Amino acid sequence: MRCGNLDVVPEFPDIVVYVEALEKRILGQRFLRVLISAPYLLRTVTPPLESVEGKKVVQFRRLGKRICIGFEDDLWLVLHLMIAGRLHWYEKRSAKKRGLAIFEFDNGTLTLTEAGSRKRASLHVVSGEAGLKALDPGGEDVLQMDLDRFAALLQSENHTLKRSLTDPHLFSGIGNAYSDEILFAARLSPLTLTQKLTPAEVERLFTVTRNQLLEWAERLRIETKDKFPEKVTAFREGMAVHGRYGQPCPRCDAKIQRIRYATNETNYCPRCQTSGRLLADRSLSRLLRKDWPKTAEELE
Ligand SMILES: [Zn+2]
């Protein structure tokens, strides 16, 4: 999805709300059959997709930015929505629904659509923990770690804060949008190198990261209510800096600035985060090449 001129991949808060909405609807339900209309979507051959048919949904999991639906016999459907993939839920079963994939359950139909022509969404069928592990980029959940672990991971290499926070091998489920919000809330520059942070700054970042992820998940929950989250990754009105280039900072009124690289854009407030300095794109090019997140599509 384009959000202003930003690519948006669903991140932790969005995925959490998706998983909760799916839990409410299909946990315990039997999976009847699936219709795949886009061959690129399915990335695995064994176990065959048909092996999941007839099985009940017994659990869910989030794996980085992927949604995992667990079935009887430890079979899993693992969905990555990437930028333009979206899920939709219909109470009634119907063969007339459109989408790349149509999943029919006892009590309704789940469809997956992908806007545009990028064809990046993916579906894997895997078996057991080993199958899931093979798809796990390895990043850890900030909500499940203590400060020492956070500091160790963050400072395991000396990269920019922007890159380390969004590195799916370090932290799970943090992408371009929420990392902007986290760094704003922590009053830290996206370009600060992780090993230059003081212990107090690391602690502040740890607290703020957890709070932002929890707060946004809660906001999305309230927004979604009992509906299926159709607009989970639409532009977020309440964001302070992300997607707000040129608009006033909600804290100090300075103009929100941006750093553009490839298809990504990072937004920050120069007064709150970089001591008034504007981070010019051109002079940053070397740093950006070495120490900046790759494009959203390459991240996982
Ligand atoms: Zn500001």
Side-chain angles (χ1 to χ4, degrees), residues 1-9 11-14 142-143 147 150-151 154-155 158-167 171 173-220 222-223 233-285 287-288 291-293 296:
M1 175 174 289
R2 303 294 281 177
C3 162
N5 53 354
L6 308 176
D7 284 336
V8 177
V9 177
E11 302 175 33
F12 170 88
D14 314 291
V142 181
L143 298 175
L147 174 61
F150 180 76
L154 185 74
Q155 299 181 313
N158 196 27
H159 290 304
T160 61
L161 270 176
K162 180 72 182 181
R163 168 167 164 173
S164 291
L165 271 184
T166 56
D167 185 343
F171 302 109
I174 302 175
N176 198 32
Y178 293 104
S179 61
D180 278 1
E181 293 301 296
I182 288 165
L183 291 171
F184 172 76
R187 295 175 186 255
L188 290 168
S189 163
L191 294 179
T192 298
L193 292 172
T194 51
Q195 292 178 357
K196 290 248 165 80
L197 292 179
T198 65
E201 285 171 330
V202 173
E203 185 168 358
R204 189 163 87 230
L205 182 63
F206 175 62
T207 307
V208 159
T209 301
R210 294 165 63 100
N211 289 346
Q212 284 287 311
L213 295 178
L214 289 171
E215 266 172 39
W216 277 103
E218 191 52 28
R219 278 169 99 139
L220 299 189
I222 289 165
E223 226 178 272
T233 60
F235 175 70
R236 302 260 165 255
E237 251 340 298
M239 284 194 161
V241 288
H242 185 74
R244 297 192 67 244
Y245 171 65
Q247 296 179 53
C249 166
R251 199 190 276 145
C252 77
D253 235 24
K255 252 191 188 176
I256 301 298
Q257 299 298 319
R258 65 183 175 190
I259 301 165
R260 282 182 290 178
Y261 186 70
T263 62
N264 276 353
E265 178 172 320
T266 292
N267 298 115
Y268 65 95
C269 170
R271 197 173 293 156
C272 296
Q273 291 173 261
T274 59
S275 320
R277 267 182 311 130
L278 295 187
L279 309 169
D281 290 13
R282 209 173 315 151
S283 59
L284 290 172
S285 60
L287 183 61
L288 292 180
D291 272 313
W292 206 240

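Because the structure is predicted, anything quoted here is derived from the model rather than measured. Whatever order the structure lists ligands and atoms in, that order sets their numbers, starting from 1. Note: hydrogens, waters and symmetry copies are ignored here, and every other heavy atom, side chains too, is used.
When the side chain to side chain donor-acceptor pair (under 3.5 Å) test is applied to Ser164, no partner is found at least two apart in sequence or on another chain. A search for ring pair (Phe, Tyr, Trp, His ring centres under 6.0 Å) contacts involving Phe206 returns Phe150, not counting sequence neighbours. Gln212 meets the side chain to side chain donor-acceptor pair (under 3.5 Å) test with Trp216; sequence neighbours excluded.
Looking at heavy atoms from C-beta onward, Leu205 lies in side-chain contact with Leu183 at the 4.5 angstrom threshold.
Between the side chain of Gln195 and the backbone N or O of Gln155 there is at least one donor-acceptor pair closer than 3.5 Å. Counting only distance, with no hydrogens or angles, the side chain of Arg244 and the backbone of Cys249 share no donor-acceptor pair below 3.5 Å.
Listed by chain and number, the protein N, O or S atoms at a distance under 2.8 Å from the Zn ion (ligand 1) are Cys249 SG, Cys252 SG, Cys269 SG, Cys272 SG.
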